[in-house]
Amino acid sequence: MRAAQDAAGLRSPSGHAPFLSDSVGPADDQQPAPAVEQVLDDAAALGIDFLIDPMTAPERWASRDEVAKTAERMNRVAALAADRGIRVGYHNHAQEFHHSFDGVSAYETFVAQLEPSVQLELDAYWAAVGGQDVPALVARLGDRLKALHVKDGSTGYDPFKTGEFKPELLGQVVAGTGEVPLAAALDAASSLELAVVEYDHVPGDVFAAIAGSVAFLAERGIR
């Protein structure tokens with residue numbers, strides 16, 4: 001992969017890897033996750049500076065104890081990653097906001113237990129689906145927030161509550177044309193390094209959809 005991206009003149013400033021879980025893959029075909037050290041070595045070979053765990057199981061967010069265990073594991077990985085010059089972080093879906101403890105979401109309970117070196121990639125769409133005021137959340141995350149998934153759509157369907165994922169119900173659209181307050185979220189970010197165009201279900205032609213979201217960012221001076 002490194003040879004291919006070098007030949008194409010591309011770079012990978014960030015990447016996703018499931019280093020917080022012991023197994024990966026669909027529920028009916030779980031496989032052991034690779035060793036954390038191997039994941040970090042591969043990330044270093046690809047030139048990745050910011051490695052993000054993209055998802056953990058819903059039950060990991062249902063109790064204080066489970067949230068604390070996940071935070072402890074993240075902090076351990078952060079120490080290993082630092083030896084390789086890599087930062088680590090977490091990417092949310094909606095499930096991290098389903099439970100609260102003393103009025104604080106499981107997600108922000110998790111964030112409060114992370115070492116200062118651990119950073120975040122917020123998926124604005126999924127945070128909105130999870131019932132969050134996204135610009136206010138972005139402001140609270142402050143300097144920890146380094147990447148934002150600039151994703152838009154309708155926010156009434158939460159597959160993490162139904163347990164059944166129907167991508168056509170997400171109603172995802174070009175950034176800036178849906179229900180997610182992306183412009184306000186970008187304005188609230190104080191330390192953003194990466195604005196990431198992403199779709200879980202592409203509306204129509206994939207290249208046109210990407211171009212539309214890139215244009216939205218360009219209009220805001222983000223290139």
Side-chain angles (χ1 to χ4, degrees), residues 12-124 126-127 129-130 132 137-138 140-149 159-161 163 165 191 193-194 196 198:
S12 299
S14 67
H16 282 185
F19 53 79
L20 294 177
S21 301
D22 294 324
S23 59
V24 295
D28 59 352
D29 187 26
Q30 288 278 293
Q31 302 293 325
V36 171
E37 292 81 2
Q38 183 63 57
V39 171
L40 294 172
D41 288 344
D42 289 345
L46 287 170
I48 290 173
D49 166 71
F50 185 21
L51 187 65
I52 303 145
D53 192 292
M55 187 176 181
T56 56
E59 57 267 23
R60 302 274 289 273
W61 304 95
S63 71
R64 287 182 185 273
D65 286 346
E66 286 301 314
V67 170
K69 290 176 184 177
T70 302
E72 289 169 7
R73 186 162 178 168
M74 176 67 84
N75 290 334
R76 290 196 299 271
V77 175
L80 293 172
D83 292 338
R84 295 165 172 80
I86 296 172
R87 299 172 294 167
V88 295
Y90 186 73
H91 165 277
N92 65 283
H93 288 79
Q95 60 194 10
E96 294 87 352
F97 303 101
H98 289 173
H99 301 277
S100 296
F101 314 109
D102 295 331
V104 180
S105 70
Y107 178 79
E108 290 190 76
T109 299
F110 166 72
V111 171
Q113 298 178 62
L114 299 175
E115 292 293 333
S117 62
V118 179
Q119 297 168 350
L120 300 168
E121 178 183 65
L122 184 73
D123 190 308
W126 286 118
V129 170
Q132 297 299 294
L137 176 60
V138 167
R140 290 196 300 274
L141 296 178
D143 291 346
R144 277 198 190 273
L145 182 61
K146 299 300 183 184
L148 184 73
H149 273 204
F160 297 96
K161 284 187 175 178
F165 187 74
S191 192
E193 297 177 6
L194 297 170
V196 182
E198 186 195 52

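One-based numbering along the sequence shown.
- Closest approach of A94 to V129, counting heavy atoms only: CB-CG1, 4.0 Å.
- Partners of D42 under the side chain to side chain contact (heavy atoms under 4.5 Å, CB included) rule, at least two apart in sequence or in another chain, are Q38.
- Remark: the backbone N or O of P54 is paired with a side-chain donor or acceptor of H91 at under 3.5 angstrom.
- In this structure, the side chains of R64 and D102 come closer than 4.5 Å at one or more pairs of heavy atoms.
- For the atom pair CG (N92) and CG (L122), the distance works out to 4.5 Å, reported to the nearest 0.5 Å.
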Query - Worked check of side chain to side chain contact (heavy atoms under 4.5 Å, CB included) between L137 and E108 - result: CA-CA 9 Å; L137 176 60; E108 290 190 76; 3.6 Å; yes
Requested in this report: Give the intermediate values and the outcome of side chain to side chain contact (heavy atoms under 4.5 Å, CB included) for residues V118 and R144.
Outcome: CA-CA 7 Å; V118 179; R144 277 198 190 273; 4.1 Å; yes
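- Partners of H98 under the ring-ring contact (aromatic ring centres under 6.0 Å, His included) rule, at least two apart in sequence or in another chain, do not exist in this structure.
- Within the 4.5 Å cutoff, side-chain heavy atoms of T109 are placed close to those of Q113.
- Of all heavy-atom pairs between T56 and S21, the closest is CG2-OG, 4.1 Å.
- Without hydrogens or angle criteria, Q30 side chain to G25 main chain gives a donor-acceptor distance under 3.5 Å.
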Query raised in the report: Under the side chain to side chain contact (heavy atoms under 4.5 Å, CB included) criterion, do M55 and W126 qualify, and how do the steps go?
Result: CA-CA 12 Å; M55 187 176 181; W126 286 118; over 6 Å; no
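- With sequence neighbours left out, the side chain to side chain contact (heavy atoms under 4.5 Å, CB included) criterion links D29 to P26, Q31.
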Atom pairs and distances, donor-acceptor, side-chain atoms in residues 82-89, under 3.5 Å, two or more places apart:
{"from": "R84", "atom 1": "NE", "to": "D41", "atom 2": "OD1", "distance (Å)": "2.7"}
{"from": "R84", "atom 1": "NH1", "to": "L80", "atom 2": "O", "distance (Å)": "3.1"}
{"from": "R84", "atom 1": "NH2", "to": "D41", "atom 2": "OD1", "distance (Å)": "3.4"}
{"from": "R87", "atom 1": "NE", "to": "D49", "atom 2": "OD2", "distance (Å)": "3.0"}
{"from": "R87", "atom 1": "NH1", "to": "Q119", "atom 2": "OE1", "distance (Å)": "2.8"}
{"from": "R87", "atom 1": "NH1", "to": "E193", "atom 2": "OE1", "distance (Å)": "3.3"}
{"from": "R87", "atom 1": "NH1", "to": "E193", "atom 2": "OE2", "distance (Å)": "3.1"}
{"from": "R87", "atom 1": "NH2", "to": "D49", "atom 2": "OD2", "distance (Å)": "2.3"}
{"from": "R87", "atom 1": "NH2", "to": "E193", "atom 2": "OE1", "distance (Å)": "2.9"}

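- Residues meeting the ring-ring contact (aromatic ring centres under 6.0 Å, His included) test with F110, sequence neighbours left out: W61, Y90.
- Under the 4.5 Å side-chain criterion, counting only non-hydrogen atoms from C-beta, V77 is not in contact with V39.
- The nearest pair of heavy atoms linking A17 to L51 is CB-CD1, 3.9 Å.
- D143 places no side-chain N or O within 3.5 Å of a backbone atom of S191 that could act as its donor or acceptor partner.
- Counting all heavy atoms, side chain and backbone alike, A124 lies closest to L148 at CB-CD1, 4.2 Å.
- A side-chain donor-acceptor contact under 3.5 Å links D53 to the backbone of F19.
- Every side chain to side chain contact (heavy atoms under 4.5 Å, CB included) that E66 has, sequence neighbours left out, goes to R60, S63, K69.
- Residue I52 comes nearest to S14 through the heavy atom pair CD1-CB, 4.2 Å, listed as atom of the first residue, atom of the second, then distance.
- Looking at heavy atoms from C-beta onward, H99 lies out of side-chain contact with V67 at the 4.5 angstrom threshold.
- Under the 4.5 Å side-chain criterion, counting only non-hydrogen atoms from C-beta, R140 is not in contact with V111.
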